[in-house]
Amino acid sequence: MPETFAVLLAARLRDALSRCAFANELPVDFTPQVDPAQNRQFGDYQSNAAMILAKELRRNPREVATMVVEAFDGSGLCAAPEIAGPGFINFRLTGEALQARFAELLDDEERLGVARTDVPKTVVLDFSAPNVAKPMHVGHIRSTIIGDGLGRIARFLGHRVISDNHIGDWGTQFGMILWGWKHLLDESALETTPIAELLRIYREVNALTKEDETVLDSCKAELVALQGGDAENLGIWERCVDLSKKGLQQIYDLLDVRFDHWYGESFYNERLAPLVDDLLASGIAEVSEGAVCVFFREDEKLSDKPAIIRKSDGGFLYATTDLATIDFRIQELGADAIWYVVGAPQQLHFEQIFSVARRRGQHADFRHIAFGSILGKDRKMLKTRSGDTVQLADVLEEAVVRARAIIEEKNPGLPEEEKAEISRVIGIGSVKYAELSQYRMTDYIFDWDNMLSLKGNTAPYLINAYVRTRSIFRKLGSDFDSEGGSLVFTDEAENALALKLSQYPEIVPTILEDFRPNALAAYLYEVATTYHQFWEACPVLKVEGDVRHTRLALSEMTGRVLRHGLGLLGIRTTERM
RNA sequence: GCACCCAUAGUAAAAUGGAUAUUACGUCGGCCUCCGAAGCCGAAGGUCCAGGUUCAAUUCCUGGUGGGUGUACCA
């Protein structure tokens with residue numbers, strides 16, 4: 001795999017440094033950094049190495065930069081570097097280097113220049129994880145979409161990713177559902193709209209328990225019976241879980257999200273008691289006030305916050321389940337890393353269980369990939385029990401309807417089947433892009449127009465750029481022919497686009513460094529914008545010869561990068577829109 | 001009390017410690033006899049406060065202010 005410009009330039013820079021008069025004064029293992037220029041007026045790439053070294057060497061930064069530039073050999077890659085501002089070294093690639101690199105990328109249809117990781121890991125990816133018997137609401141959208149996107153990126157980079165939907169299929173909510181099933185269930189409604197019926201009884205029981213304490217007690221009794229293995233309750237529970245999974249699967253199908261496993265909480269039931277016994281025996285856990293706890297006395301932050309793993313009544317908690325889950329994932333699934341895409345409010349919980357796991361000698365790479373909350377208009381968290389939550393299915397449906405309306409307006413002549421497909425891709429893509437294009441920790445206020453916007457920096461904008469690339473080949477009447485001529489850049493807009501496209505391999509691997517899919521979204525947005533500018537400046541089909549071939553190649557490559565990059569975000573493209 | 005997260009233009013959001021803080025919506029003004037105007041070009045408007053580290057701070061540190069969340073027996 002050919003190296004990226006950033007890597008090549010950094011290597012040249014390192015060579016130059018070693019030839020400078022101060023070479024033997026350099027800090028050991030100093031590696032100069034080269035980044036894309038912030039502003040194209042400064043060139044294509046820039047380095048701040050001279051400013052960093054200036055301090056070590058006790059010299060003026062511009063003086064250091066001058067020495068480096070004089071020693072720099074850019075032959076075959078870039079023009080003589082320029083020094084600017086406080087000591088930036090700016091590089092401008094030669095047209096030949098850009099063309100050569102672009103030709104390589106054009107040949108690499110499968111990976112678009114993106115290297116596989118040198119250290120492939122087995123990653124268990126825990127995301128989505130809705131509660132059973134309740135439909136997914138907008139709050140689940142972040143975990144589901146971010147988790148799926150990160151999984152796609154990690155797979156493409158060469159990791160073995162095992163996605164596991166750790167659904168809440170066991171727990172106190174089943175007390176209410178069992179009671180409701182026995183007292184309130186409408187069998188015919190269960191036949192026709194099972195999910196809605198389950199939600200209805202859950203809500204009604206929830207309301208009843210607040211008015212009438214005896215109902216609450218009865219629910220608890222149902223739960224105890226279930227946990228004790230009562231056959232009737234187990235039967236209801238199984239049917240309930242089964243129905244819910246079918247409902248969830250419909251949403252995942254719509255979202256194009258897949259899981260390798262659905263090891264829900266109930267999967268770990270048999271493992272909880274032995275786990276607690278083991279933690280007690282090893283001295284990691286202790287009994288306190290009747291409960292089994294793990295204390296973190298040595299950790300100042302956690303010293304007054306024990307993790308409870310068995311209640312004084314003998315019941316287990318989600319910390320217990322999560323610890324058992326870690327065992328399973330490491331021992332049975334072979335996890336080197338476990339990534340949890342779970343909301344920020346659970347940070348303490350994950351600190352605790354990661355800490356317990358490490359104390360048990362489990363040294364997988366545990367990551368809590370936290371994200372902010374979706375707030376209501378009152379700036380409070382949208383919560384299931386507050387009543388007026390927005391269901392995810394409704395959001396997706398509305399998104400498709402809105403996309404459909406625009407298609408009817410812009411392109412009414414398309415066949416019905418294609419319209420339906422396009423509105424699905426655009427609508428679902430908009431919801432996903434809205435999520436993936438912002439920093440995951442940011443809390444945001446739920447707003448239909450904001451989430452379903454189809455203008456500006458949105459999925460349709462990116463898909464539109466892709467569609468434009470396809471429309472050229474449709475008009476041309478054939479696919480891109482790599483033998484159709486040679487590459488020759490004749491316009492600044494072509495250089496800018498080729499450079500941008502060549503940076504795809506630089507950006508993709510960085511996404512996992514801090515789990516920021518929004519950085520990929522931002523890059524793709526720049527690709528689309530750069531292509532639109534190219535489109536305005538450079539006619540393709542109206543020119544001849546190598547210029548035309550070059551512009552076809554740029555269009556082809558733009559299409560590939562957009563389709564592939566959007567694919568990594570879990571967003572599909574269409575040929576027309 | 002303790003801990004964690006957040007604070008950027010009228011609104012919603014970007015920015016591995018880098019140069020003139022970037023986008024979108026909205027507002028104002030241009031561009032379709034020309035490969036798809038879901039587009040392009042231009043204008044106005046902003047980093048909560050006070051210190052500190054640094055050649056360089058929206059970013060890191062300390063202390064405030066404001067908002068959110070979590071914190072022994074829900075998940």
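Note that the coordinates shown come from a computational prediction; the quantities given were computed from them, not determined experimentally.
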Do A/Trp535 and the base of B/rG39 stack face to face, with centres under 5.5 Å apart and an angle between planes under 30°?
-> no
Hey, is A/Phe42 doing a stacking thing with B/rA19, by the 5.5 Å centroid and 30° angle criteria?
-> yes
When we call it a touch if two heavy atoms are under 4.0 Å apart, what does [X] touch: a base, just sugar-phosphate, or nothing?
{"X": "A/Ala307", "result": "nothing"}
{"X": "A/Pro86", "result": "base"}
{"X": "A/Met441", "result": "sugar-phosphate"}
{"X": "A/Ile308", "result": "base"}
{"X": "A/Glu351", "result": "nothing"}
{"X": "A/Ser288", "result": "base"}
{"X": "A/Leu223", "result": "nothing"}

Can you check whether [X] has a side-chain N or O nearer than 4.0 Å to OP1 or OP2 of [N]?
{"X": "A/Lys410", "N": "B/rA38", "answer": "yes"}
{"X": "A/Asn518", "N": "B/rA15", "answer": "yes"}
{"X": "A/Lys455", "N": "B/rG26", "answer": "yes"}

May I ask you to check whether A/Phe42 and A/Phe88 place their ring centres under 6.0 Å from each other?
-> no
With both distances under 3.5 Å as the test, what is the Watson-Crick or G-U wobble partner of [N]?
{"N": "B/rA43", "value": "B/rU27"}
{"N": "B/rC60", "value": "B/rG52"}
{"N": "B/rG1", "value": "B/rU71"}
{"N": "B/rU65", "value": "B/rA7"}

How about A/Glu526 and A/Thr530: does a side-chain donor come under 3.5 Å of a side-chain acceptor?
-> no
Syn or anti for B/rC32, with syn set at within 90° of 0?
-> syn
What is the distance, rounded to the nearest whole Å, between atom CZ of A/Arg468 and atom C1' of B/rG36?
-> 6 Å
Which listed nucleotide (B/rG39, B/rG68, B/rG18) is nearest to the side chain of A/Asp443?
-> B/rG68
Does A/Glu526 get its side chain close enough to the base of B/rU23, under 3.5 Å, for a donor-acceptor pair?
-> no
Report yes if a donor N or O on one partner sits less than 3.5 Å from an acceptor N or O on the other, where the partners are the side chain of A/Asn90 and the base of B/rA19; otherwise report no.
-> yes
